[in-house]
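Since the structure comes first, as structure tokens, the remarks are kept for the end.
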Amino acid sequence: MTQAGKPSLKQRLSLGLIGNQLPSDWSYILSPRPGAVGYALQVSLAGILSLLVAFYFQLESPYWAAATAILVATPTHGQTLSKGFFRLLGTVIGGVVAVLLMSVFAQASDLFILLFALWIGLCTYAGTLMRNFRMYAAALSGYTAAIIVFSAAHRPENVLDIALARVAANSCGIVVTALVSLMFARTSAMQILRVAMTQSLNGAADLFSQTALTGSTEELRRRAHRLIQQVTTLDSLVEFAAAESSRIKRHREELRVVIASLMNSLTANWGLARSMAAKGMERIEADAELREFLQEASALLKRMGHHAPHEAMLELGREIGFFGKKYRRYLQEVIRHGDVDSYRTLIVLKNMRRIVDQLSIAQETWGAYLSGATPGRKGRMAYDFNTRRAFINGFRSFTAVLAAGVFWVETAWPDGSSMFMMTAITCSLLSSSIQPVRSTVSFIVGGLLPLVVAFFCYLFLLPDIDGFPLLAAIMGLLTFVSYLHCDPTRPDLTMVFSSTAVNFVMFLRFTNPMSYDLQGFINNSIGMMCGMFCAYLAFTLVFPVLPRDEIARTIGRFLEEIRTLAGMTRTAVQSIWESRMYDRLPHIMSFLAMERQATRLLLGDFFSVIHIGVELIGLKNLAYTTKAGEQLKTAIADATAQLVEFGINNELIAGRLEASANQLFREGVHDDAGRADYYHAAASMFEIAYLINEHQRILTEAQKVA
């Protein structure tokens, strides 16, 4: 290791690093997941029919129709439609760019390579900032241009015809796959969304119930992490279902209210667990009225049936209203009591009420949608745009494609265009991966496996075959075996097997009629594998992704968000800010899973920082959107301004916040009209101070980053 604790160049390029990227549990290939047979048959049939249609219409390069079908096929019809649409969009954009570049710069090879590398870098940059299949469209815009350039390398005057043929082949594969998906679809994206939404709502209510009754436990923390991962996928499921259903498309904004409310409730549940720990379970057990409120809230949320008619949801809404009145009366008693322990009780009640309110909104909105009524509320999600990561991904792709292009031109390698093409494809597709080196290694393995099979077929099997059925049987069998082992829960092996099916088609390059050139096959195969390895070198050497560095940077970005909130002179929309923080979590959770040392414990601290942000937004809303007096507004402004130095001088910040909370508590005693606002502000300041004092690991790491 180097002095900074980072792998040296030799270590990064060693076979040991490559080996560490591959899964160790290969027994998975002997036990495919349930339902995999149907999915594998669907993909195989789509590939075979696409190739047949392309042969029938005598499309140029018909193998791209089969490759498109294999790539576009997904388990649900909605996903297939969405992916197919964005693939076609990316193909058209890439075709236009390829035609323009080849038409203007075909005779200036150096300038052409430079501009093309810039285009790939720009597409990769844009794709990193996008979500779902929009990211796929950006990647397609880049590498489709590379494919057209590869095909037109020796006949640039035909670039327009080649681009049109590429669009035609892609369209053929997309249409055929959509029809096959409609035939095979046993479970639609709408059904998956309904199940996932119901499970998330049930899980959030059950999580609150268990937390309210037992406090925080290790098992509940694990369940909370799993639930957060599930909730963060709901927005993508809404988009896929919208491709199937016009009703979901009309009500996407209402369904995002459900997702935002679930996120808010999960943050509040984390706050409830921490506030109960601060008060102490012994004191909660001794406080009969508080315990009764927690039990009543738990029972109320459990009765919220997700399949209940809208009228039943309205009845539950009235029960929640009665609960709210009792809550306000008890809250006044807590406020009048006015001792130190009342702060802790107030914080517990505040988090409990927030959970009830947010889950009620989610249940009511979801129930209205299921019953056919208009949900009413509308919302939107915010996403994390990591421009630094996008720039690095774009620069890596630019560097790799430029190097491959310069090598192609300088060596005058006749088949160097295949290396150039595969470098662009690999960089465009895998740069946006959280772990690009690991994904690229899986992609390379998924190239080596079909290369051996393709060589055998090309040399011994295919020349003796006459007719389409046996050709289709060979391609279909390998595709079926490959996709039999694709499982979303095993991304490494899924990358290996899915790329095996696609690369097999690309190595053999089926045409009608088939022609056999062994030297050309070998040169093309070598070029493709060199292109994959060129991308691997770029990911390994150019700004390598190191787990500890990524964790530290993400910590710094979380804390910077708190500083930004503290310095704002206006209020922030909690659901938008919070959804952006949740969008960042899958990225950091992936690196925490890779880093098996103490930093893995930081995951709980990230949730605490999100909760600090929510409390900070609540304080600012209290100051700017209520009729609070000037004295309270000034006190809140002074207290929140302390967090501008969050992560830098934390003990001092926590001490000042506690002092401000005590001052507000004393002042609230003499203001009957605004006492509740004073006490709520004081409780929020106490909670922020408590979280800062309790979670020093993340703050210490942030100071190291600075």
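Keep in mind that the numbers below use all heavy atoms, side chains included, and drop hydrogens, waters and symmetry copies. Everything numeric in this text was worked out from a predicted model, so none of it was measured.
Between the side chain of Y39 and the backbone N or O of A73 there is at least one donor-acceptor pair closer than 3.5 Å. Between the side chain of T232 and the backbone N or O of Q229 there is at least one donor-acceptor pair closer than 3.5 Å. Side-chain atoms of N524 never come within 3.5 Å of backbone atoms of S418 as a donor-acceptor pair (strictly under, hydrogens ignored). With hydrogens and angles disregarded, a donor-acceptor distance shorter than 3.5 Å links the side chain of D583 to the backbone of D384. A donor-acceptor pair is defined here as one N or O able to donate and one able to accept, closer than 3.5 Å; such a pair exists between the side chain of S151 and the backbone of I147. Side chain of S579 to backbone of I576: a donor-acceptor contact under 3.5 angstrom is found. Formation of a donor-acceptor pair under 3.5 Å by the S499 side chain with backbone atoms of V496 is found in this model. Looking only at distances, a side-chain donor or acceptor of Q42 sits under 3.5 Å from a matching main-chain atom of T74.
Taking the ring pair (Phe, Tyr, Trp, His ring centres under 6.0 Å) definition, one finds that Y458 meets it with Y516, F521, sequence neighbours left out. Listed by chain and residue number, R563 satisfy the side-chain hydrogen bond (donor to acceptor under 3.5 Å, both in side chains) test with E560 (two or more places apart in sequence, or in another chain).
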Go through M506 and I425 one step at a time and tell me if the side chain to side chain contact (heavy atoms under 4.5 Å, CB included) criterion holds. CA-CA 12 Å; M506 293 177 64; I425 290 176; 4.1 Å; yes
Would you sort out whether T440 and F533 count as a side chain to side chain contact (heavy atoms under 4.5 Å, CB included), showing the intermediate values? CA-CA 8 Å; T440 305; F533 188 69; over 6 Å; no
L118/L115 under side chain to side chain contact (heavy atoms under 4.5 Å, CB included): CA gap, chis, key distance, verdict: CA-CA 5 Å; L118 284 172; L115 292 176; 4.3 Å; yes
Apply ring-ring contact (aromatic ring centres under 6.0 Å, His included) to Y536 and F539, showing your working. CA-CA 5 Å; Y536 168 76; F539 293 143; 8.4 Å; no
I would like to know whether M528 and L451 meet side chain to side chain contact (heavy atoms under 4.5 Å, CB included); could you show each step before the answer? CA-CA 10 Å; M528 290 178 61; L451 178 58; over 6 Å; no
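Shortest non-hydrogen contact noted between R509 and G520 is NH2-O, 4.3 Å. S171 approaches L88 most closely through the heavy-atom pair OG-CD1, 3.4 Å. When all heavy atoms of S44 and G476 are compared, the pair lying nearest together is OG-O, 3.3 Å. Between Y136 and L429, the closest heavy-atom pair is CE1-CD2, 4.1 Å. For T500 against L478, the heavy-atom pair with the smallest separation is O-CD2, 3.9 Å. S442 approaches M495 most closely through the heavy-atom pair CB-CG, 3.5 Å.
Between F385 and Y383, the ring planes are perpendicular. Angles over 60° get that label, and only those under 30° would be called parallel.
Between T91 and W64, every side-chain heavy-atom pair lies at or beyond the 4.5 Å cut-off. Using a 4.5 Å heavy-atom threshold, the side chains of L237 and L234 count as touching. Counting heavy atoms from C-beta outward, S428 and I120 have side chains that approach closer than 4.5 Å. For the pair L100/F105, no side-chain contact is recorded, criterion being any heavy-atom separation below 4.5 Å from C-beta on. Taking 4.5 Å as the limit, every side-chain heavy atom of F510 sits out of range of all side-chain heavy atoms of P62. Side-chain contact between E60 and N158 is absent, with no heavy-atom pair separated by less than 4.5 Å. Contact check for F507 versus P450: side-chain heavy atoms found under the 4.5 Å cut-off. T68 is not listed as a side-chain neighbour of S50, based on a closest heavy-atom distance of 4.5 Å or more.
Rounding to the nearest 0.5 Å gives a distance of 6.5 Å between CD1 of I93 and CH2 of W119. Rounding to the nearest 0.5 Å places CG of L461 at 10.0 Å from CG of L508. Atom OG of residue S439 and atom CZ of residue F443 lie 10.5 Å apart, to the nearest 0.5 angstrom. Here the OG1-CE distance, from T411 to M419, works out to 6.5 Å after rounding to the nearest 0.5 Å. Summarising the geometry, atom CE belonging to M475 is positioned 14.0 Å from atom OH belonging to Y63; distances are rounded to the nearest 0.5 Å. Atom CE of M102 sits about 11.5 Å away from atom CG of L160, to the nearest 0.5 Å.
Around CD of E157, the count of heavy atoms belonging to other residues, nucleotides or ligands within 6.0 Å exceeds 12.
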What donor-acceptor contacts under 3.5 angstrom involve side-chain atoms of residues 390-404, with partners at least two apart or in another chain?
from: N393; atom 1: OD1; to: R396; atom 2: NH1; distance (Å): 2.8
from: N393; atom 1: ND2; to: T128; atom 2: OG1; distance (Å): 3.1
from: N393; atom 1: ND2; to: R389; atom 2: O; distance (Å): 3.4
from: N393; atom 1: ND2; to: S431; atom 2: O; distance (Å): 3.1
from: R396; atom 1: NE; to: V542; atom 2: O; distance (Å): 2.8
from: R396; atom 1: NH2; to: F543; atom 2: O; distance (Å): 2.8
from: S397; atom 1: OG; to: T124; atom 2: OG1; distance (Å): 3.1
from: S397; atom 1: OG; to: N393; atom 2: O; distance (Å): 3.2
from: S397; atom 1: OG; to: S431; atom 2: OG; distance (Å): 3.0
from: T399; atom 1: OG1; to: F395; atom 2: O; distance (Å): 2.8

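Remark: D235 does not engage R131 in a salt bridge, criterion side-chain N to carboxylate O under 4.0 Å.
Here the two rings, on F407 and F420, have centers that are 6.0 Å apart or farther.
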